[in-house]
Amino acid sequence: GGGGGRPQERFTKPNQDGSDAADVDISVSTDSSVGKGGSASVKPRVSLPSTGATEFHLRNPDAHISVSVQRRRPKPVSWPDFAGTGSGADVASFGGSGFPVAKSPRPDLSGAPMYRQVELLRSGSPTERRNAVVMLVRASIADPQDLVAILKAGAAPPLAKMLEDEEEGLRELAATAVGALAGAGSAEVQAAISKAGAIPALVKLVQVGAEVATQRQAAAALRNLAAGHRKNQATITQAGAVAPLVRLLKGGDSGAQAQAAAALGNLAGGEASGSDYGKQMLIARAGAIPPLVRLLRGDDPEVRQLAAGALRMLATDNADNQVAIAQAGAIRMLVRLLRDDSLDVRAESAAALGNLAFYNSEINHGNQVAIAEAGAVMPLVQLLKDTASSVCEAAAGTLRNLVARNAENQAAVVKAGGLAPLVSLLRHGSAAAQAQAAAALRNLASDSASNQAEITKAGAIELLVTLSEKAQELRLREEVINTLFVLSRDSSDVQDAIKRAGGRVPQSAGRLGPVRRTASR
């Protein structure tokens, strides 16, 4: 929005401790009556799904309500699984992550039943409607069961209607609410909001000369409605959203640009799949690539992150867009961003470079060379030591792609000292980072006896054997066993090392079972 980012496509990915939550500080303040609630100022600490948004506001001009969510720990970035061939010449796909919105605390709804709030939403005064929107959204984000109750009470149609209200403030608030509901709910919620007619109204808000704040919230709502929902993606595209979103990239404020980039990234697809080609090309032909590349130079780290994420999505399994992105000057900019202060920017930039290096499991040799010549190898090797597991995973996966069937890049990675941190990731990395590190070592070992010897000398065999027997994640075990196969198939020394470590020498490469290629929400 990979948070979206990946704005955005909503997703979670387990942290190193196995959780999928990120702690945030939330402050809520009101200085006038809201519904039947009085003035309040609270600052609870809660655990929420990871989010790419640093701040999320619900504003009520009349009631003076401000809900602010600040992320204290950066989100992890999610990549879909990619099954290696075991031949040593395979690649990693970073094709399906996105960018979620932040969430609000649960209010006290005593004395304010859900149906009453929905009724006020339909027929109340402007002030009552504003207050009802805020109460319903805060309730739904805090508890998914309340979200179901809200939809059953019929909140979606009046919210969609409010998007076309004569009053600008109500349109903005309604767009904010739709985005929050879509970000908090499931595919069923996204479908219900779409069925209520919200999408054409949101596209209109992005298209016409609305206030910048309203355009920003409308783009954010489209971003969440498109998140991993192919039917909504088609509906949004058919409603004419692509062109105005591209215009926002060129002329909106930084917040609107970030939301537009994330929305376009989500519209480009939800997983590494050839079925996304038409959508990717529609966005590219609308002129999205040059402004996205320019946004890589932006002052706002969220804009840089989401622009890199959108380019990653446009490049996924799309050789035409890979060429266009490279010709627009993105490679050098993305390489520079590998040293960005923001870990989200570093992770997205590394992943975008990884996707530029392959398509449909084939190598884009020209981009492999261009990325290496732009100086990517050394910073990618350094990122293998990053404190954020998401950055390590992205760096290892991108190195995996850069060295696949490329002897020059293999030599450059070894010369840059890449073997030791890759082996270290096998010991200390998250399961996802371990899988990418194992695959990168496999590609480095392919057709290189000297690299095989150096990998063995670095202590990789014992770690790989341990992971092959004890790893819980199926994908990790597959990657490890395939790597052991490549290392040992032509080396009796490696076969002996595997036996000394208490392992079994793999007789063939291949999957242990089905691997899911998912775009998590």
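All values derive from a computational prediction rather than experimental measurement.
Under the 3.5 Å distance criterion, with hydrogens and angles disregarded, no donor-acceptor pair is assigned to the side chains of Y277 and N321. Side-chain contact, Q190 with N232: no donor N or O sits under 3.5 Å from an acceptor N or O.
The side-chain hydrogen bond (donor to acceptor under 3.5 Å, both in side chains) search around T466 returns none, not counting sequence neighbours. Shown here are the side-chain hydrogen bond (donor to acceptor under 3.5 Å, both in side chains) partners of D447, two or more places apart in sequence or in another chain: there are none. Applying the side chain to side chain contact (heavy atoms under 4.5 Å, CB included) criterion to K385, with sequence neighbours excluded, gives P421. Considering only residues two or more places apart in sequence or on other chains, D300 meets the side-chain hydrogen bond (donor to acceptor under 3.5 Å, both in side chains) condition with none of them. For N367, there are no side-chain hydrogen bond (donor to acceptor under 3.5 Å, both in side chains) partners two or more places apart in sequence or in a different chain. Residues forming a side chain to side chain contact (heavy atoms under 4.5 Å, CB included) with A286 (at least two apart in sequence, or on another chain): V242, V246.
Annotation: side chain of T316 is in contact with side chain of Q280 (closest heavy-atom distance under 4.5 Å). Inter-residue side-chain proximity for V206 and L202 is flagged as unmet; no heavy-atom pair is nearer than 4.5 Å. Annotation: side chain of Q410 is not in contact with side chain of N443 (no heavy-atom distance under 4.5 Å). At least one side-chain heavy atom of L292 sits less than 4.5 Å from a side-chain heavy atom of L314. For the pair Q215/L205, no side-chain contact is recorded, criterion being any heavy-atom separation below 4.5 Å from C-beta on.
In this structure, R247 places its CZ atom where more than 12 heavy-atom neighbours from other residues, nucleotides or ligands lie under 6.0 Å away.
Salt bridge R216/E172: absent, no basic N to carboxylate O contact under 4.0 Å. Taking 4.0 Å as the cut-off between side-chain N and carboxylate O, R400 and E479 count as a salt-bridged pair. Look at D276 and R230 and you find a salt bridge, because one of the NZ, NE, NH1 or NH2 atoms lies within 4.0 Å of a carboxylate O, short of that distance.
Evaluated for a side chain to side chain contact (heavy atoms under 4.5 Å, CB included) with R405, the options Q368, H365, E362 yield exactly one hit, E362. For the side chain to side chain contact (heavy atoms under 4.5 Å, CB included) with Q434, the qualifying choice from L467, L425, V480 is L467, the only one to do so.
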